[in-house]
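All figures in this text were calculated on a predicted structure; none of them were measured in a lab.
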Protein chains: 2
Amino acid sequence: MERNLSTIAAGTRKRRGEGHTRRDEILIAAKELFLREGYQATTIRRIAEVVGVSAPALYLYFKDKDAILIALCDQTFSGLIELMDELDRQALTPMERLRSCGAAYIRFALEHPREYWLTFMSGNTPAEVQKRGHKPETFDPDEPGSKGAVAFSRLMGTFRDIESSGFQLNYPVETAAELVWMSLHGLVAALINNPEFPWTKRDVLIDGMLDLTMRGVVKAPEKS
Amino acid sequence: MERNLSTIAAGTRKRRGEGHTRRDEILIAAKELFLREGYQATTIRRIAEVVGVSAPALYLYFKDKDAILIALCDQTFSGLIELMDELDRQALTPMERLRSCGAAYIRFALEHPREYWLTFMSGNTPAEVQKRGHKPETFDPDEPGSKGAVAFSRLMGTFRDIESSGFQLNYPVETAAELVWMSLHGLVAALINNPEFPWTKRDVLIDGMLDLTMRGVVKAPEKS
DNA sequence: TCGGTAAGTTATCAATGTTAAGTTAGTGGC
DNA sequence: GCCACTAACTTAACATTGATAACTTACCGA
């Protein structure tokens, strides 16, 4: 438990206008600690210690501890979006792209389980859920905490492409995208949250879930 | 936020041998508070106050705060098991029973979203996940925290019945059960955790997910 | 060079989970 | 009847936590 994490820049004070680099340092340290010890177990003081700065200094850059987590979630979502951009660049049929997208999503989650956990499963207490029951009427994709919706809308775009390329869906695009994402999330959430449970082989589960969702959502083409 | 929760039994001290009733009172109060305010937001002192007892008294009955949550999770799982018992008593074909079981699961989750959240999504920090990577070699279904596995094995039984009643599955029973449960969990987890997200209609999503999983897991019978 | 302010510090707060140590009161044995 | 035993508590305190208030430092532009 005592693996040491060297301080990033002990004693150096940032030049004027260079505060954002300190902000980045905080994010790097916080991410490392959140992933290693968990969100709750990571204290503001510990983050500050790793950065090489006093604890209250963090409040110059983040409203509170949650804001640090939200910023990190946005980073993760941006990573997912980039991952989809890459798939767009490859010459794939929309169907191929959908499956690749699903496979990439699962791979990302299982290769970075703690990051996935942090992003998709660490927030959201029931109390919070009850509180913020309202949405802002104007959607700003750059405001903290809204990169997730951007990523999801990209998935919907893939379904639109599938439909306009001649395939028939069993559901409207929104519903199809939601069902597929929910299924994949259910898979990785279970695997990540209960790694000790005696699941059947991962490869079987992954391929099984991809088959299940693809077949379930897009109509089998008529044999001609 | 100030809804008052009357104390259960202020000032009365339990007779000798009646400690377990105090334990039950603690569970009732803790459940109410956990559901209302969330796990983190609920303090040991507040639970004690509602029960009408001093804070350290809780440690006579529970090792720590987590132990209270685990006991409540077991209660929830027992409820799910009972729900399945009820379906067993109805005269249904195995296929009907599977779908009813899935529908009942979803209904339970959406009717008691906070209880579901508490049971399936509130624990499991990444740190914990890394720590308890070992399982006890002897499985005791009555030891705290293991009612979940019992409930899941019941679902597998349903798949065994389907198979032995002549249907063919696309996967081994374990895999089939896991895929179905994961999908349904993904659905309700998303709906519960992000109720403000503009999902398509719930009924469509629920029926869609049930269709998707059933069709995906059991082979369509040959038309004769 | 010097005032404004970005970038920090120290001191302190109230709240939290948990433990130590002492107290009360019911009960079985004589 | 009473007395030792112990189940069922209490009060006091601890170390840690997230967060704030108030003060300081040092860089940069005019």
Side-chain angles (χ1 to χ4, degrees), chain A residues 1-2 7-30 33-34 36-72 122-123 125 127-128, chain B residues 1-2 7-30 33-34 36-72 122-123 125 127-128:
Chain A
M1 200 63 80
E2 301 296 314
T7 60
I8 294 180
T12 72
R13 183 196 182 103
K14 292 296 172 186
R15 293 268 175 86
R16 279 214 165 186
E18 297 298 312
H20 61 95
T21 64
R22 180 58 37 100
R23 200 189 117 101
D24 291 342
E25 289 171 7
I26 294 171
L27 284 177
I28 291 171
L33 287 168
F34 286 168
R36 193 181 271 185
E37 316 281 350
Y39 177 68
Q40 285 297 335
T42 300
T43 67
I44 292 280
R45 286 169 172 80
R46 181 84 181 97
I47 300 172
E49 181 191 351
V50 170
V51 174
V53 102
S54 76
L58 300 206
Y59 291 90
L60 294 175
Y61 304 102
F62 298 96
K63 180 180 148 292
D64 54 19
K65 198 183 168 190
D66 275 345
I68 301 178
L69 177 59
I70 289 174
L72 288 173
S122 68
T125 72
E128 291 166 21
Chain B
M1 199 64 79
E2 302 295 315
T7 61
I8 293 181
T12 71
R13 183 198 183 102
K14 291 296 173 187
R15 293 268 175 88
R16 278 212 166 190
E18 297 298 312
H20 61 95
T21 65
R22 180 56 43 97
R23 201 189 117 100
D24 291 342
E25 290 172 7
I26 293 170
L27 284 177
I28 291 171
L33 287 168
F34 286 168
R36 193 181 273 185
E37 316 280 350
Y39 177 68
Q40 286 296 337
T42 300
T43 67
I44 292 280
R45 285 170 171 80
R46 181 83 180 99
I47 300 172
E49 181 192 351
V50 170
V51 174
V53 101
S54 76
L58 300 207
Y59 291 87
L60 295 175
Y61 305 102
F62 299 95
K63 180 181 150 292
D64 53 18
K65 198 183 169 191
D66 276 344
I68 302 178
L69 177 60
I70 289 175
L72 288 174
S122 68
T125 72
E128 291 165 21

Residues B:Tyr61 and B:Asp24: side-chain donor-acceptor under 3.5 angstrom: no
In terms of heavy-atom contacts, A:Ile68 and A:Phe34 come closest through CG2-CE1, 4.1 Å
Per atom distances to the A:Arg45 side chain, the nearest of D:dA19, C:dG17, C:dT9 is D:dA19
Is B:Glu37 close to B:Arg46 at the side-chain level, that is, under 4.5 Å between some pair of heavy atoms? no
Name the nucleic acid region contacted by A:Leu60, choosing base, sugar-phosphate or nothing; use a 4.0 angstrom heavy-atom cut-off, strictly under. base
Would you classify B:Thr43 as touching base, sugar-phosphate or nothing, given that sugar-phosphate means primed atoms plus P, OP1 and OP2, and contacts are heavy atoms under 4.0 Å? sugar-phosphate
Length of the CZ-P vector between A:Arg22 and D:dA26, whole Å: 14 Å
Check whether NZ of the Lys or CZ of the Arg B:Lys65 lies under 6.0 Å from the centre of the six-membered ring of B:Tyr39 and within 45 degrees of that ring's axis. yes
Rounded distance in Å - OH (B:Tyr39) to C1' (C:dG17): 10 Å
Is any side-chain heavy atom of A:Val53 closer than 4.5 Å to a side-chain heavy atom of A:Leu58? yes
What integer distance in Å separates B:Arg46:CZ from C:dT18:C1'? 20 Å
Separation of D:dA8 atom P from B:Leu58 atom CG, nearest Å, is 14 Å
Whole angstrom value for the distance that separates P of C:dT16 from CG of B:Asp64: 17 Å
In whole angstroms, the gap separating P of D:dT20 from CZ of A:Phe62 amounts to 15 Å
Non-hydrogen side-chain atoms of A:Leu27 and A:Phe62 separated by less than 4.5 Å: yes
Tell me: CD of A:Glu49 to P of D:dT17, nearest whole Å? 11 Å
Using side-chain heavy atoms (C-beta onward) and a distance below 4.5 Å, is A:Thr12 in contact with A:Arg22? yes
Just the rounded figure in Å: distance from P of C:dG17 to OH of B:Tyr61. 19 Å
Contacts under 3.5 Å, N or O only, protein and nucleotides 19-25 of chain C:
from: C:dT24; atom 1: O2; to: B:Arg13; atom 2: NH2; distance (Å): 2.5

